[in-house]
K.L.:
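Pasting a structure below so you can have a look.
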There are 2 protein chains.
Amino acid sequence: MIRTTIKEIAKALNISVSTVSRALRDSHEISEETKIKVLKYAKKVNYTPDPLAQALKAHQSHSICVIVPEIANYFFSEVINGIDTAAYTMGYNVFVFQSFEDYRREIQSIEYGMNRRVDGFIISLSGTTDNFDHLDLLAADKVPTVFFDRVPVNQGIDKVVVDNYEGSYQGIQYLINRGKKRIACLSSSMNLSITKERLAGYFACLKDNGIEADDQLIKFCGFDPYQAVASINEIIEFSKPDAFFINSDRLTLNSLAAIREYSMQKPLDIEIVGFTNIKHYNLLNPRIVPIQQPAWEIGVKTVELLVHKIEKRKPRLEPKTYVMKTRLIES
Amino acid sequence: MIRTTIKEIAKALNISVSTVSRALRDSHEISEETKIKVLKYAKKVNYTPDPLAQALKAHQSHSICVIVPEIANYFFSEVINGIDTAAYTMGYNVFVFQSFEDYRREIQSIEYGMNRRVDGFIISLSGTTDNFDHLDLLAADKVPTVFFDRVPVNQGIDKVVVDNYEGSYQGIQYLINRGKKRIACLSSSMNLSITKERLAGYFACLKDNGIEADDQLIKFCGFDPYQAVASINEIIEFSKPDAFFINSDRLTLNSLAAIREYSMQKPLDIEIVGFTNIKHYNLLNPRIVPIQQPAWEIGVKTVELLVHKIEKRKPRLEPKTYVMKTRLIES
DNA sequence: TTTATTTACGCAAACGTTTACATTTTGTAT
DNA sequence: ATACAAAATGTAAACGTTTGCGTAAATAAA
């Protein structure tokens, strides 16, 4: 794989490398004549600048690092799609690292990205991350960073999120409107911002409708499918729910499986609302009313914000939280 | 984000940069004493080598380029997971590009990767790719490349695939064993290797069971959901199928939706077997017997092969096709 | 002691760019 | 013609590494 360099172009045309470089970058101090000559030859030999050399010189690698809990996930894969698409058009390349919901892997990934000299980070926190020191390091080192979905509480950073409170509220209201009164609530890790916000929406909506929250109906399980099964069974057995509200993408699908399993034995009259970005929600049984996030758009937005920060465009924006809307799909 | 360089270490310890460099790489021509001194200081200032400078020097970027039709896909996201994981442990970073089933985007992605100076490519072809000249370019330029899943016919390249023929055969046999005789077959693009192989398995199994294939039962639709709906409806209306065999991941889910839709009107007694890597197949309605690919393992294998080629380890392997097994899951 | 060998390190070039500064060429005003 | 500004190009250093080669000091052999 032999690639042409500026040096070779210079030699071939019998001019200096700096002239070639300037001609290629359309500098005003190069004559039209020379520019044309250089451009023509460069095209002929299919010259493309070496991004490694440019990066070394400019201290800009034009690459960004995305850290997500996992790629093979309905929500995150769609976000990554958006990130990839936007980054591509903005001249950046994307490295994706997976934390696998592991705090230590998350730290490692950040270090790895730093060592790789990426220009910035897009991060969605792992479910086991309950300490934010590693993020402070990013901030202290002035590494451009944008968070999305699962974000740290800190205010001084850029975030792209959905209105989890509102989305959750709508979901509960939907169930209440359908006559449900004993709405069970399943959440994943309490470390996560999304969990807290969604839970808040749940409580608020119950309260606004004069329904008292029942601790028996509220459970936390991690990302382990078996925990979901256990929690579901326990709730059904002992707490007589007439609906489920489920708080996170993977958990939603896992819970569905548990509910399905249970209803094989005893038929259940239960409705389910849950956060999930699975595309084929309408094929699921038991049926579910999904609360979807605009995943692709979230991805695009994070990139726009990040590139803005990296390239220090004016106006220099204050750290800001971008809030998008969820979509509850009654089918 | 200020990073320490070898130069600074050299200055601080009052030795030359070459000595530092060699000490860091544990060269035999540096005294133990000096090595320890350098290593200790390097650790203290948290030195990590700049991969950009190294890449420039060594003509090795330690990054690879993955080109897939799309990321947000049950199969591909899992493959990418495997690729990412394996690449990570082998010291490589991964750029993912999406062709969006578009031949032109595929070419662009290859060019983009080349310009980025990646060390190699892992590619699964787009559904509209019916010309392989761009791949010959890769071969001619001696760019290490491994294909997976949707591979070119060419023999002189490395591929990782599943035994589509066998997987398909098993699926059909399963249906026949269940008493099915009129098995409809839906495929996506005929350009794809997987389509041809799976179709071959279909025909072979019918033949071996003394069932004559019926053209009326065989349809091709692209990746467009509407085409799937149209094809499904047509087949059901006019060709009296008692089962469906569906040939590709996305198509399977789209078809399921169509079948479900139809069966809302008129109940159908139909069984469905299809290639898909959706994790929650057991939650689907209508039910489906999935033929799954070992997606994660495929990803890992492609990386192993690719890195082997990049690093030109001995023995220099001949281009080879790695065939893995599919898994038919009767639930 | 002298000479040869080994050990440990430094010098400088190279990878492919970009860019401040110096230099030459051309054009303009006197 | 001379002086001078403007335009076009060249020189060289720099980004952070790695590495061939040279060399001084330390050690071994004569």
Side-chain angles (χ1 to χ4, degrees), chain A residues 1-42 45-63 91 93 114-119 311, chain B residues 1-42 45-63 91 93 114-119 311:
Chain A
M1 183 167 32
I2 289 142
R3 315 218 112 251
T4 331
T5 70
I6 278 191
K7 212 177 286 183
E8 298 171 49
I9 298 180
K11 188 173 291 172
L13 300 177
N14 209 30
I15 55 184
S16 80
V17 288
S18 60
T19 302
V20 176
S21 175
R22 277 188 261 251
L24 290 170
R25 335 188 83 239
D26 200 26
S27 160
H28 65 276
E29 37 183 350
I30 301 294
S31 70
E32 261 336 291
E33 192 187 6
T34 312
K35 277 185 194 170
I36 293 173
K37 192 170 63 176
V38 169
L39 255 41
K40 208 171 128 195
Y41 187 80
V45 297
N46 196 22
Y47 169 81
T48 61
D50 187 329
L52 299 167
Q54 288 180 314
L56 181 62
K57 193 88 222 315
H59 301 280
Q60 261 240 58
S61 66
H62 276 269
S63 61
N93 289 102
M114 299 271 261
N115 293 346
R116 251 286 166 177
R117 278 22 175 205
V118 297
D119 295 338
E311 300 183 352
Chain B
M1 180 167 33
I2 287 142
R3 314 218 112 252
T4 332
T5 69
I6 278 191
K7 212 178 286 184
E8 298 169 50
I9 298 180
K11 190 173 290 171
L13 298 178
N14 209 32
I15 54 184
S16 78
V17 287
S18 57
T19 301
V20 176
S21 175
R22 276 186 259 252
L24 290 169
R25 336 188 84 237
D26 200 27
S27 159
H28 65 275
E29 35 183 349
I30 301 295
S31 71
E32 266 326 299
E33 192 189 5
T34 312
K35 277 184 194 171
I36 292 173
K37 191 170 65 177
V38 170
L39 254 40
K40 207 171 130 194
Y41 187 79
V45 297
N46 197 21
Y47 169 81
T48 62
D50 188 328
L52 299 167
Q54 289 179 314
L56 182 61
K57 194 89 223 312
H59 302 280
Q60 260 240 58
S61 65
H62 275 270
S63 61
N93 289 103
M114 297 271 262
N115 293 347
R116 250 288 165 176
R117 275 32 172 197
V118 298
D119 294 339
E311 300 182 352

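Chain letters run A, B, ... following the sequence lines, proteins first and then strands; every chain starts at 1. Here the structure is a predicted model, which is why all the values come from computation and not from measurement.
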K.L.:
Assess the side chains of Arg22(B) and Ser16(B): does a donor N or O sit below 3.5 Å from an acceptor N or O?
P.N.:
no
K.L.:
Rounded to whole angstrom units, what separation is found between the CG atom of Leu56(B) and the C1' atom of dA14(D)?
P.N.:
13 Å
K.L.:
Is any side-chain heavy atom of His62(B) less than 4.5 Å from a side-chain heavy atom of Gln54(B)?
P.N.:
no
K.L.:
Using a 4.0 Å heavy-atom cut-off across all strands, classify Thr48(B) as base, sugar-phosphate, or nothing.
P.N.:
sugar-phosphate
K.L.:
Please work out if Ile15(A) contacts a base, only the sugar-phosphate, or nothing of the nucleic acid, heavy-atom cut-off 4.0 Å.
P.N.:
sugar-phosphate
K.L.:
What nucleotide among dG16(C), dG10(D), dG20(D) has an atom nearest to a side-chain atom of Arg22(B)?
P.N.:
dG20(D)
K.L.:
Could you tell me whether Gln54(A) contacts a base, only the sugar-phosphate backbone, or nothing, with contacts defined as non-hydrogen atoms closer than 4.0 Å?
P.N.:
sugar-phosphate
K.L.:
Is a donor-acceptor pair below 3.5 Å formed from side chain Arg3(B) to base dG16(D), judging by atom type as modelled?
P.N.:
no
K.L.:
Does dA8(D) have OP1 or OP2 under 4.0 Å away from a side-chain N or O of Lys35(A)?
P.N.:
no
K.L.:
Write down the distance between CG (Leu52(B)) and C1' (dA14(D)), rounded to a whole number of angstrom.
P.N.:
15 Å
K.L.:
What is the distance, to the nearest angstrom, from the CG atom on Leu24(A) to the P atom on dT19(C)?
P.N.:
13 Å
K.L.:
Report yes if a side-chain nitrogen or oxygen of Arg25(B) is closer than 4.0 Å to either non-bridging phosphate oxygen (OP1 or OP2) of dT17(D); otherwise report no.
P.N.:
no
K.L.:
For Asp26(A) and dT18(C), give me the distance from atom CG to atom P, rounded to whole Å.
P.N.:
13 Å
K.L.:
Counting the atoms with a prime plus P, OP1 and OP2 as sugar-phosphate, which does Ile30(B) contact under 4.0 Å by heavy atoms, base, sugar-phosphate, or nothing?
P.N.:
sugar-phosphate
K.L.:
Could you please name the option among dC15(D), dT17(D), dT17(C) that lies closest to any side-chain atom of Asp50(A)?
P.N.:
dT17(C)
K.L.:
Check if the side chain of Ser18(A) and the base of dT11(D) share a donor-acceptor pair of N or O atoms closer than 3.5 Å.
P.N.:
yes
K.L.:
Side-chain N or O of Thr5(B) versus OP1/OP2 of dG16(D): is the shortest distance under 4.0 Å?
P.N.:
no
K.L.:
Of the options dT17(D), dT9(D), dA8(C), whose atoms approach the side-chain atoms of Thr34(B) most closely?
P.N.:
dA8(C)
K.L.:
Please evaluate residues Leu24(A) and Val38(A) with respect to the criterion side-chain contact (heavy atoms from CB on, under 4.5 Å), reporting the C-alpha separation (whole Å), side-chain torsions for both, the decisive distance (0.1 Å), and the verdict.
P.N.:
CA-CA 7 Å; Leu24(A) 290 170; Val38(A) 169; 4.0 Å; yes
K.L.:
Please determine whether the number of non-hydrogen atoms from other residues, nucleotides or ligands lying under 6.0 Å from atom CD of Glu29(A) exceeds 12.
P.N.:
yes
K.L.:
Give one of base, sugar-phosphate or nothing for Ser21(B), where a contact means two heavy atoms less than 4.0 Å apart.
P.N.:
base
K.L.:
Please state whether the base of dT18(D) and the side chain of Lys57(B) form at least one donor-acceptor pair under 3.5 Å?
P.N.:
yes
K.L.:
Check whether any side-chain N or O of Thr19(A) sits under 4.0 Å from OP1 or OP2 of dT9(D), and answer yes or no.
P.N.:
no
K.L.:
Nearest to the side chain of Ala53(A), which nucleotide is it out of dC15(D), dT17(C), dC11(C)?
P.N.:
dT17(C)
K.L.:
Rounding to an integer number of Å, can you tell me how far Ile6(A) CD1 sits from dC15(C) P?
P.N.:
14 Å
K.L.:
Heavy atoms, side chains only, cut-off 4.5 Å: are Glu311(A) and Asp119(A) in contact?
P.N.:
no
